[in-house]
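Both ligands and their constituent atoms are indexed starting at 1 by order of listing. These values consider heavy atoms only, across backbone and side chains, with no hydrogens, waters or symmetry-generated copies.
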Amino acid sequence: LNAYFSLIQRESGFISGLVCVLHDVTEQEKIESERRQFVSNVSHELRTPLTSMKSYLEALNDGAWQDPEIAPQFLKVTQEEADRMIRLINDLLNLSRMDSGTAKLDLETVNLNELFAYILNRFDMMIEKDNNDTRQTKTKNYTIKREFTKRTVWVEIDTDRFIQVIDNIMNNAIKYSPDGGVITCRIQETGTNVILSITDQGLGIPQKDIDHIFDRFFRVDKARSRAQGGTGLGLAISKEVIEMLHGKIWVESKLGKGSTFYISLPYIDYDEGDLWDED
Ligand code: ADP
């Protein structure tokens, strides 16, 4: 805390008052230290794939390019690393637009039950496609359970961004779960809000990390997240998007048992009758 004092002196020489300015520097210092940490994180996140790319390119240059077995593998790795960097840069641009307030929302009134079902059907299709594709090594198996409120719930959202958020939480639920897990997706209502939740039977999140899970670049297990292609920015972006939509996002988790991610949004209060009256 910085404090400045100055005396107010009248022309006559009398001291008629005292001005005291208290300036809270802790907040400023916190912001500055977070900014430094962020720049350091970005540099590190970019250096890792670049260093790896460089060593594979060096090996190719040193003769590996002539080896018909090794060369394609090494090229594939460099391509994956380039993809990771592009993902990271896109995520960073996205966040920076939201930070500066230049991100535009394309708001529309959407039937949440229908939209959530549509997103989940896409995830079901991915497993089916995977099971029918004999060329590919199979990725993880999972079952999606749906428990939706019977009432149709309307919300005002930016559909593309909202889909991005749900995709991210669903992908995490799959990524951080064992093979064959069940993912339960719910839509519930409170008086004024709709609560959408996604529950997995995965690793869970240690209690001490719960408060940091939406921080930029925070990962419970850095190596595991990187190995799975994660940028560590997905949940930070999700939080920004949901807050821009005047909603809330949070998580409850039991280590070794699983996690539930919740999104609450204000819903538009008209019953189905009102919609038909419009014509
Ligand atoms: P990442 O790209 O690393 O997945 P996210 O921002 O999406 O980045 O998630 C941040 C971290 O939160 C992850 O690295 C992981 O440690 C943890 N996490 C996210 N979702 C889950 C989940 N469903 N179960 C367990 N841990 C999770």
Side-chain angles (χ1 to χ4, degrees), residues 34 37-38 40-49 52 80-99 116 119-120 123 126-127 139-145 161-186 195-244 247-263:
E34 277 173 2
Q37 185 63 44
F38 182 69
S40 143
N41 280 335
V42 172
S43 317
H44 186 79
E45 293 295 332
L46 282 171
R47 194 177 56 183
T48 311
S52 145
E80 281 166 3
E81 296 293 18
D83 284 342
R84 169 202 289 283
M85 283 191 285
I86 292 171
R87 258 199 319 273
L88 185 67
I89 300 284
N90 283 339
D91 280 356
L92 285 169
L93 281 174
N94 225 329
L95 271 173
S96 126
R97 274 189 213 114
M98 290 192 273
D99 281 346
F116 200 18
I119 301 172
L120 297 179
F123 277 89
M126 280 191 269
I127 327 179
T139 47
K140 226 176 254 175
N141 232 320
Y142 50 89
T143 310
I144 299 174
K145 256 176 57 185
R161 285 178 197 271
F162 189 78
I163 291 178
Q164 212 186 11
V165 172
I166 304 297
D167 276 353
N168 179 46
I169 297 175
M170 282 299 292
N171 278 320
N172 281 347
I174 298 163
K175 245 191 328 196
Y176 303 107
S177 287
D179 194 37
V182 177
I183 299 169
T184 310
C185 299
R186 298 189 175 90
I195 299 180
L196 182 155
S197 66
I198 297 173
T199 304
D200 65 53
Q201 301 175 317
L203 302 176
I205 299 159
Q207 206 55 39
K208 68 172 173 42
D209 294 333
I210 291 269
D211 288 342
H212 299 289
I213 212 80
F214 296 97
D215 292 353
R216 296 169 189 197
F217 293 119
F218 182 87
R219 288 115 150 184
V220 174
D221 179 345
K222 272 207 185 323
R224 187 190 176 109
S225 156
R226 284 218 188 88
Q228 309 245 20
T231 61
L233 293 174
L235 286 178
I237 294 177
S238 301
K239 184 165 189 262
E240 295 279 337
V241 170
I242 296 302
E243 286 177 356
M244 273 166 79
K248 285 202 186 76
I249 182 167
W250 70 99
V251 63
E252 282 171 9
S253 187
K254 270 226 166 76
L255 200 57
K257 289 257 161 54
S259 315
T260 300
F261 282 84
Y262 296 91
I263 292 175

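By the 4.0 Å heavy-atom criterion, Ser259 is counted among the residues contacting ligand 1. The shortest separation from a heavy atom of Phe214 to ligand 1 is not under 4.0 Å, leaving the residue out of contact. The shell of residues lying under 4.0 angstrom from ligand 1, judged by heavy atoms, includes Gly204. Heavy-atom separations between Lys222 and ligand 1 are all 4.0 Å or longer.
Ranking protein heavy atoms by distance to atom 7 (O) of ligand 1, first place goes to Asn172 ND2, 2.9 Å. Protein heavy atom at the shortest distance from atom 21 (C) of ligand 1 is Tyr176 CD1, 3.5 Å. With hydrogens left out, the protein atom closest to atom 12 (O) of ligand 1 is Ile213 CD1, 3.3 Å, a heavy atom. Of the protein's non-hydrogen atoms, Arg219 CG, 3.0 Å is the one closest to atom 14 (O) of ligand 1. Nearest protein neighbour of atom 3 (O) of ligand 1, counting heavy atoms only, is Ser225 OG, 2.5 Å. Given atom 5 (P) of ligand 1, the protein heavy atom at minimum distance is Leu235 N, 3.7 Å. Here the protein heavy atom with the shortest distance to atom 26 (N) of ligand 1 is Ile205 CG1, 3.6 Å.
Contact of the Phe217 side chain with the Val42 side chain is registered, since non-hydrogen atoms from C-beta on lie closer than 4.5 Å. By the 4.5 Å heavy-atom criterion applied to side chains, Leu95 and Arg216 are counted as neighbours.
Listed by number with element, the atoms of ligand 1 under 4.0 angstrom from any heavy atom of Phe218 are 10 (C), 11 (C). Near Val220, meaning under 4.0 Å from any of its heavy atoms, are these atoms of ligand 1: 16 (O). Ligand 1 places these atoms under 4.0 Å from at least one heavy atom of Gly232: 1 (P), 2 (O), 3 (O), 6 (O), 8 (O).
The CZ atom of Arg84 sits 10.5 Å away from the CG atom of Leu46 when rounded to the nearest 0.5 Å. We find the OG-OH distance between Ser225 and Tyr176 to be 4.0 Å, quoted to the nearest 0.5 Å. Atoms CZ and CG, from Phe261 and Asn172 in turn, are 6.0 Å apart once rounded to the nearest 0.5 Å. Interatomic distance, CZ of Phe123 versus CD1 of Ile144, reported as 7.0 Å (0.5 Å rounding).
Evaluated for a side chain to side chain contact (heavy atoms under 4.5 Å, CB included) with Arg186, the options Thr199, Ile198, Thr260 yield exactly one hit, Thr199.
Heavy-atom contacts from other residues, nucleotides or ligands closer than 6.0 Å to NZ of Lys222 number more than 12. More than 12 heavy atoms of other shown residues, nucleotides or ligands fall within 6.0 angstrom of atom NZ in Lys175.
For Gln228, no heavy-atom contact with ligand 1 is shorter than 4.0 Å.
For atom 23 (N) of ligand 1, the nearest non-hydrogen atom from the set Thr260, Asp200, Leu233 belongs to Asp200.
Between Arg226 and Glu45 there is a salt bridge, since a side-chain N of the basic residue sits under 4.0 Å from a carboxylate O of the acidic one. The pair Glu240-Arg97 fails the salt-bridge criterion, with no side-chain N (NZ, NE, NH1 or NH2) lying under 4.0 Å from an Asp/Glu carboxylate O.
Between Leu203 and ligand 1, a contact under 3.5 Å exists for no N or O pair.
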